[in-house]
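Take a look at the structure set out below.
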Amino acid sequence: QVQLVESGGGLVQPGGSLRLSCAATGSIFSINAMGWYRQAPGKERELVTIISSGGSTNYADSVKGRFTISRDNAKNTVYLQMNSLKPEDTAVYYCNAAAATMRAQTYVRAYWGQGTQVTVSS
């Protein structure tokens, strides 16, 4: 099994910055893409950004130029640097990873973190 543990959420004023981290632990054989999703109250979960194992990235239009995703493959950790935060960025942010375990090395499935709250408000 693979566990994803997020940290770094909190309350920040508009224009401020936060950095989220997500560490994958457990019986990991491989991790492919990792990403961040978010879900605001009354809205569906949406993709924020994703990074491949090779470092290729994609961003939602709403965060381009403000958010940066990165990963440390040696630590099985993905980061999300969020700058110039806006009230509309307020949401629960979820980490996601496509991974295979040591027991099922050819079976890649999605794993989710428990979510971390990001609130942007003055």
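Here the structure is a predicted model, which is why all the values come from computation and not from measurement.
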Query raised in the report: Do Y111 and Q3 come within less than 4.5 Å of each other through their side chains, counting heavy atoms only?
Result: no
Query raised in the report: Does any N or O in the side chain of S62 come within less than 3.5 Å of the main-chain N or O of A60, such that one atom is a donor and the other an acceptor?
Result: no
Report task. Check G115 against V92 and note the closest heavy-atom contact, atom names and distance. Result -> CA-CG1, 3.8 Å
Query raised in the report: Looking just at side-chain N and O atoms, do E88 and T90 make a donor-acceptor pair shorter than 3.5 Å?
Result: no
Query raised in the report: Got a donor-acceptor contact below 3.5 angstrom from the T49 side chain to the N58 backbone?
Result: yes
Query raised in the report: Got a sec, which pairs hit disulfide (SG to SG under 2.5 Å) with one end in residues 6-120, sequence neighbours left out?
Result: C22-C95
Report task. Please indicate whether E44 has more than 12 foreign heavy atoms, meaning atoms of other residues, nucleotides or ligands, lying under 6.0 Å from its CD. Result -> no
Query raised in the report: Side chains of V78 and I51: does their closest heavy-atom pair fall under 4.5 Å?
Result: yes
Report task. Supply the atom-to-atom distance R71 CZ to S52 OG, rounded to the nearest 0.5 angstrom. Result -> 7.0 Å
Query raised in the report: Is it the case that one hydrophobic cluster holds both V12 and L80, taking links as side-chain heavy atoms less than 4.5 Å apart, direct or via other members?
Result: yes
Query - Sub-4.5 Å side-chain heavy-atom contact between S121 and L11 - result: yes
Query raised in the report: Restricting to pairs with a member in residues 91-110, which pass side-chain hydrogen bond (donor to acceptor under 3.5 Å, both in side chains), not counting sequence neighbours?
Result: R38-Y93
Report task. Just jot down the salt bridge (Lys or Arg N to Asp or Glu O under 4.0 Å) partners of K64, sequence neighbours excluded, or say none. Result -> D61
Query - Hphob cluster co-occupancy, I50 + Y59, side-chain heavy atoms under 4.5 angstrom - result: no
**Report entry** All pairs passing disulfide (SG to SG under 2.5 Å) where residues 45-76 contributes a residue, at least two apart
**Finding:** none
Query raised in the report: Partners of R66 by salt bridge (Lys or Arg N to Asp or Glu O under 4.0 Å), sequence neighbours excluded?
Result: D89
Query raised in the report: Are R19 and Y79 in a cation-pi contact, defined as NZ or CZ under 6.0 Å from the six-membered ring centre and within 45° of the axis?
Result: yes
Query raised in the report: Less than 4.5 Å apart, any side-chain heavy atom of E6 and any of L4?
Result: no
Query raised in the report: Hey, are N83 and S17 close enough side-chain-wise for a donor-acceptor pair under 3.5 Å?
Result: yes
Query raised in the report: So do L18 and V118 actually touch side chain to side chain, heavy atoms under 4.5 Å?
Result: yes
**Report entry** Same cluster (ILVMFWY, side-chain, under 4.5 Å), L85 and I69
**Finding:** yes
Query raised in the report: What's the shortest heavy-atom distance between A100 and V108, and which atoms?
Result: CB-CG2, 4.2 Å
When the side chains of residues 28-37 are checked against the rest of the protein, which donor-acceptor pairs come out under 3.5 Å, sequence neighbours left out?
none

Requested in this report: Verify the cluster assignment for V120 and F67: are they in a single hydrophobic cluster under the rule of side-chain heavy atoms below 4.5 Å apart?
Outcome: yes
